[in-house]
Amino acid sequence: DQQVKQNSPSLSVQEGRISILNCDYTNSMFDYFLWYKKYPAEGPTFLISISSIKDKNEDGRFTVFLNKSAKHLSLHIVPSQPGDSAVYFCAASARGGSQGNLIFGKGTKLSVKP
Amino acid sequence: DAEITQSPRHKITETGRQVTLACHQTWNHNNMFWYRQDLGHGLRLIHYSYGVQDTNKGEVSDGYSVSRSNTEDLPLTLESAASSQTSVYFCASSGSLLGFYTFGSGTRLTVV
């Protein structure tokens, strides 16, 4: 059963607008969440993370929001740029438990149109 | 600069052959991981290692093996390649279990 779910395989937004990528998880033991970005023919690269003790973390144009009661997190990109076009993976881990490894979602392909 | 490299970048092999994919990192990270990426499945963990002589099975380990004889390398072996193992394989390393993985550029493996 999938523990980390990204239900939107793709998202298309206009340059300058906000991109919102969503992620849901089922394992209540997860306490650390990350977003990775992947361009074609390259490996994923770390983008931003959030601990379960926070509900928001911001880094420049990227903000991750965590709603623990809903087991939901989202990545906001404002303003979106064509260079943001990539596949975004949500990942989670339970650092204090046996699942210290990252569990990834299936990814969402973001297309930012000029 | 420290890096993580995978070789080869592309490989075509025949069903039933043994194949080994290389992963080498110069970060001096204790933790190393192998994932495969497939359309509709995202990134799935195959095997991982928390240090020399330590190896563990991940979510999709059947048909794969790894060995860790030093800090820098974690080769992934497909004992008898199957068409279902056609995929893109990513190696990653981290210095802690906090999720800051550094990924290699991937190996695209095709089993015919």
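Residue numbering restarts at 1 for every chain, and letters A, B, ... go by the order of the sequence lines.
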> Is it the case that one hydrophobic cluster holds both A:L47 and A:F65, taking links as side-chain heavy atoms less than 4.5 Å apart, direct or via other members?
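Different hydrophobic clusters.
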> Do you reckon B:F103 sits in the same ILVMFWY cluster as B:Y89, going by side-chain contacts under 4.5 Å, direct or chained?
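No, separate clusters.
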> Kindly work out whether a path of hydrophobic side-chain contacts (I/L/V/M/F/W/Y, heavy atoms less than 4.5 Å apart) joins A:V112 to A:I48.
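A:V112 and A:I48: one cluster.
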> Counting heavy atoms not belonging to A:K68, are there more than 12 under 6.0 Å from its NZ?
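Yes, the 6.0 Å shell around NZ holds more than 12 heavy atoms from other groups.
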> Flag the one option from A:S51, A:P44, A:G43 with the top tally of heavy-atom pairs under 4.5 Å to chain B.
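Option with the top pair count is A:P44.
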> Roughly how far apart are A:F104 CZ and B:E59 CD, rounded to 0.5 Å?
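Output value for this atom pair is 11.5 Å.
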> What part of B:R108 is in contact with chain A, defined as an atom under 4.5 angstrom from a non-hydrogen atom: side chain, backbone, both or neither?
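Contact with chain A is absent: no heavy atom of B:R108 under 4.5 Å.
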> Between B:Q37 and A:F89, which heavy-atom pair has the shortest distance, and what is it?
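The answer is NE2-CZ, 3.6 Å.
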> Could you tell me which portion of B:Q6 (side chain, backbone, both or neither) has an atom closer than 4.5 angstrom to a non-hydrogen atom of chain A?
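Nothing of B:Q6, per the 4.5 Å heavy-atom cut-off to chain A.
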> Just wondering, do B:F100 and A:S49 contact through their side chains at under 4.5 Å, heavy atoms?
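Counting from C-beta outward, A:S49 and B:F100 do come under 4.5 Å.
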> Flag the pair A:L102 / B:Y35 as yes when at least one side-chain heavy-atom distance between them is below 4.5 Å, and no otherwise.
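Yes. Closest side-chain heavy atoms under 4.5 Å.
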> Would B:M32 end up clustered with B:L21 when hydrophobic side chains under 4.5 Å apart are linked, directly or stepwise?
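Yes, one cluster joins them.
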> Are B:V66 and B:W27 connected in a single hydrophobic cluster, I mean Ile/Leu/Val/Met/Phe/Trp/Tyr linked by side-chain heavy atoms less than 4.5 Å apart?
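In one cluster with B:W27: B:V66, no.
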> Heavy-atom count check: over 12 atoms from other residues, nucleotides or ligands less than 6.0 Å from A:R17 CZ?
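Not more than 12 within 6.0 Å, no.
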> Can you give me the closest heavy-atom contact between A:N101 and B:Y101, atom names plus distance?
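Heavy atoms of A:N101 and B:Y101 come nearest at CA-OH, 3.5 Å.
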> Side chain, backbone, both or neither: which part of B:L43 has a non-hydrogen atom closer than 4.5 Å to chain A?
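Answer is both: backbone and side chain atoms of B:L43 are under 4.5 Å from chain A.
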